[in-house]
2 protein chains.
Amino acid sequence: MPEFKNLCLIRGDQGRTVGDLVDRIGGKWTLLILATLHDGRLRYTELKRRLPGVSHRMLALALRRLHRDGLVTRTSHPEVPPRVEYALTPLAVSLLPHAVALAGWAAEHRAAIDAHRAAFDGDA
Amino acid sequence: MPEFKNLCLIRGDQGRTVGDLVDRIGGKWTLLILATLHDGRLRYTELKRRLPGVSHRMLALALRRLHRDGLVTRTSHPEVPPRVEYALTPLAVSLLPHAVALAGWAAEHRAAIDAHRAAFDGDA
DNA sequence: CAGAATCCCGCCAGATACTG
DNA sequence: CAGTATCTGGCGGGATTCTG
């Protein structure tokens, strides 16, 4: 059987891979931004509007990092007022299914985890 | 085709799901610990030995959280000196494949991302 | 051996204000 | 509109010490 041959990817190189992974998509809003952009290219403000709770600064920083990593494209139109549009790159598109799978897992087992927590916290 | 029906899981509930997910496995060592325990139940010290660089405190804290969330079992043997063994729960086992997939993605595209970063940083 | 408690630092992240 | 700059508090996380 396939087994988890890729476990070495997690532990190999002294966890560098996981470290990098967390660095890239570990941000609080990163996955949310990518998921939102999956609907199509969006302007900065529209993106902000669709992400309730994100701060101005954090969205700008996250977008900057995503752009730097080649996960989103940034198209600045030379107009007044300025108009900037963000869109996913193929790289980001290839990442999304995995993120979605993880999100699905989280949603599916949230109740179980919460129950464990409650039981654990009950034993003071 | 399936498409990403689960995208709603990422964005729904104002991102609570992703927030919870990051809270649970977003820790620096969490995934590493789970991956290491996939080899089988391990004692605290042995676990620490297999995770070069983890601090005493962080390992204890991470294990405590994992135990609280029902992702690992903690078996304390009443001996002197004490012996405590940790093992994965089925819940954690169901999570690992997804994590491995993400790690695989990170490893596969690390070069591309690094190239993007280099190009981006080149344009000062 | 396993872990809890304490101290401390650096970064993440929010709020606010300023610029092109 | 789309950012950047600055200040600030909170938390993650490391080193060390103490206990059963």
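In the text below, chain A, chain B and the rest are named by the order of the sequence lines, each starting its count at 1.
- Here the P atom of nucleotide dG12(D) and the CD1 atom of I25(B) are 16 Å apart, to the nearest Å.
- Residue L31(A) comes nearest to I10(B) through the heavy atom pair O-CG2, 4.0 Å, listed as atom of the first residue, atom of the second, then distance.
- Heavy atoms only, all atoms of each residue included: R74(A) and V84(A) are closest at CG-CG1, 3.8 Å.
- Classified by interplanar angle (parallel below 30°, tilted 30° to 60°, perpendicular above 60°), the ring pair H56(A)/Y44(A) is perpendicular.
- In this structure, the NZ atom of K28(A) is 12 Å from the C1' atom of dG10(D), given to the nearest Å.
- Here dC1(D) presents its P atom at 11 Å from OH of Y44(A), a figure rounded to the nearest Å.
- Shown here for L91(A) and W105(B), the closest heavy-atom pair between the two residues is O-CZ2, 3.6 Å.
- Phosphate proximity of dC12(C) to W29(A): absent, as no side-chain N or O sits under 4.0 Å from OP1 or OP2.
- In this structure, of dG3(D), dG13(D), dA13(C), it is dG3(D) that holds the atom nearest to the side chain of V84(A).
- Atom pair E79(B):CD and dG3(C):P shows a separation of 14 Å (rounding to whole Å applied).
- Residue M58(A) places its side chain closer to dG14(C) than to any other of dC1(C), dG14(C), dC1(D).
- In this structure, L59(B) places its CG atom 14 Å from P of dC1(C), rounding to the nearest Å.
- Taking atom CG of L61(A) as the reference point, atom P of dA15(C) lies 14 Å away to the nearest angstrom.
- Between the NE2 atom of H77(B) and the C1' atom of dC1(C) there is a distance of 14 Å, given to the nearest Å.
- Both L63(B) and R57(A) lie near DNA chain C, and the one whose nearest nucleotide falls closer to the 5' end is L63(B).
- Taking atom CZ of R49(A) as the reference point, atom C1' of dA2(D) lies 17 Å away to the nearest angstrom.
- Residue H56(B) places a side-chain atom within donor-acceptor reach of the base of dG3(C), judged by atom type and a 3.5 Å distance cut-off alone.
- Nearest nucleotide to the S55(B) side chain, out of dG20(C), dA15(D), dA15(C): dA15(D).
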Full working for side-chain contact (heavy atoms from CB on, under 4.5 Å) between L88(A) and H38(A): CA-CA 7 Å; L88(A) 296 185; H38(A) 186 254; 4.1 Å; yes
